[in-house]
Amino acid sequence: MNYELRPMKIEDIDYIVKGEEKVFGHSLGYDLIYSDLVLNPYALYVVLEIDNEIHGYVGMWITDNIEIINLYVDKEYQGMGFGNVIMDFVIDVCEQSEIGNLSLEVRSSNSR
């Protein structure tokens, strides 16, 4: 199983929206992700590819701190360490940007 993290492209957004709906039952939506990806200079979106297919992503805003906007790994790949791979990447971005604060809002209903 080969995997990589790479910058999100516009053509990836449909896959991400479908993935969010599959994992969460809803999505941030195409328009929000597109707007962040194209217009927001503080946004960084990265996809997780496993065997050349998208199976997760993380979106974040980088200012004085890093705020994770959304993050998921497809259900069939959860529990295999890919969430850790994504979070290690986010922490590396914090360190490289010399940012000491990282936030992620998690709902109490999120048992994972």
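Everything numeric here is computed off the predicted structure, so don't read it as measured data.
Ile86 CD1 to Met60 CE: the interatomic distance, rounded to the nearest 0.5 Å, is 9.5 Å. Atom OG of residue Ser97 and atom CG of residue Leu44 lie 9.0 Å apart, to the nearest 0.5 angstrom. In this structure, Ile33 CD1 and Ile16 CD1 are separated by 7.0 Å, a value rounded to the nearest 0.5 Å.
Taking both residues in full, the closest heavy atoms of Val73 and Gly83 are given as CG2-N, 3.9 Å, listed atom of the first, atom of the second, then distance. Heavy atoms only, all atoms of each residue included: Glu20 and Gly29 are closest at OE1-N, 4.1 Å. The shortest heavy-atom contact between Ile13 and Met8 is CG1-SD, 4.2 Å. The two residues Val58 and Leu71 come nearest to each other via the heavy atoms CB-CD1, 3.8 Å. Heavy atoms only, all atoms of each residue included: Cys94 and Ile66 are closest at SG-CD1, 3.5 Å. Pairing each heavy atom of Leu37 with each of Ile10, the nearest pair is CD2-N, 3.8 Å.
Under the 4.5 Å side-chain criterion, counting only non-hydrogen atoms from C-beta, Phe24 is in contact with Asn70. Proximity of Phe89 to Leu48: side-chain heavy atoms (C-beta onward) are nowhere separated by under 4.5 Å. Proximity of Ile62 to Ile99: side-chain heavy atoms (C-beta onward) are separated by under 4.5 Å at one or more points. Considering only heavy atoms from C-beta on, Ile50 stays 4.5 Å or farther from Asn2 through its side chain. Side-chain contact between Tyr15 and Glu53 is absent, with no heavy-atom pair separated by less than 4.5 Å. The shortest distance between side-chain heavy atoms of Val46 and Arg6 does not fall below 4.5 Å.
Using a distance-only test at 3.5 Å, with no hydrogens or angles considered, no donor-acceptor pair links the side chain of Asp74 to the main chain of Glu76. Side-chain atoms of Ser35 do not come within 3.5 Å of backbone N or O of Asp31 as any donor-acceptor pair.
Taking a 6.0 Å sphere around CG of Asp64, one finds it holds 12 or fewer heavy atoms contributed by other residues, nucleotides or ligands. Other residues, nucleotides and ligands place no more than 12 heavy atoms under 6.0 Å from the OH atom of Tyr34. Counting non-hydrogen atoms of neighbouring residues, nucleotides and ligands closer than 6.0 angstrom, the OH atom of Tyr77 exceeds 12 such neighbours.
Pairs of residues two or more places apart, or lying in two chains, never qualify as salt bridge (charged side-chain N to carboxylate O under 4.0 Å, His left out) while including a residue from residues 82-95.
Shown here are the salt bridge (charged side-chain N to carboxylate O under 4.0 Å, His left out) partners of Glu98, two or more places apart in sequence or in another chain: there are none. Remark: Tyr45 pairs with Asp36 by the side-chain hydrogen bond (donor to acceptor under 3.5 Å, both in side chains) rule, at least two apart or across chains.
Looking only at atom types and distance, the side chain of Asn101 has no donor-acceptor partner in the side chain of Ser103 under 3.5 Å away. In this structure, a donor-acceptor pair under 3.5 Å is absent between the side chains of Tyr72 and Gln78.
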Dump the intermediate steps for side chain to side chain contact (heavy atoms under 4.5 Å, CB included) on Leu102 and Asn65, then the final yes or no.
-> CA-CA 6 Å; Leu102 169 64; Asn65 66 338; over 6 Å; no
Side chain to side chain contact (heavy atoms under 4.5 Å, CB included) evaluation trace for Lys18 with Ile54 | CA-CA 11 Å; Lys18 289 175 186 163; Ile54 296 172; over 6 Å; no
Please report the C-alpha distance between Tyr57 and Glu49 in whole Å, then the side-chain angles of each, then the deciding distance to 0.1 Å, and finally whether the side chain to side chain contact (heavy atoms under 4.5 Å, CB included) criterion is met.
-> CA-CA 9 Å; Tyr57 91 111; Glu49 278 193 353; over 6 Å; no
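When hydrophobic clusters are built by joining Ile, Leu, Val, Met, Phe, Trp and Tyr residues whose side-chain heavy atoms come closer than 4.5 Å, directly or via intermediates, Met80 is grouped together with Tyr3. Following chains of ILVMFWY side-chain contacts shorter than 4.5 Å, one cannot reach Tyr42 starting from Leu39, and the two form parts of different hydrophobic clusters.
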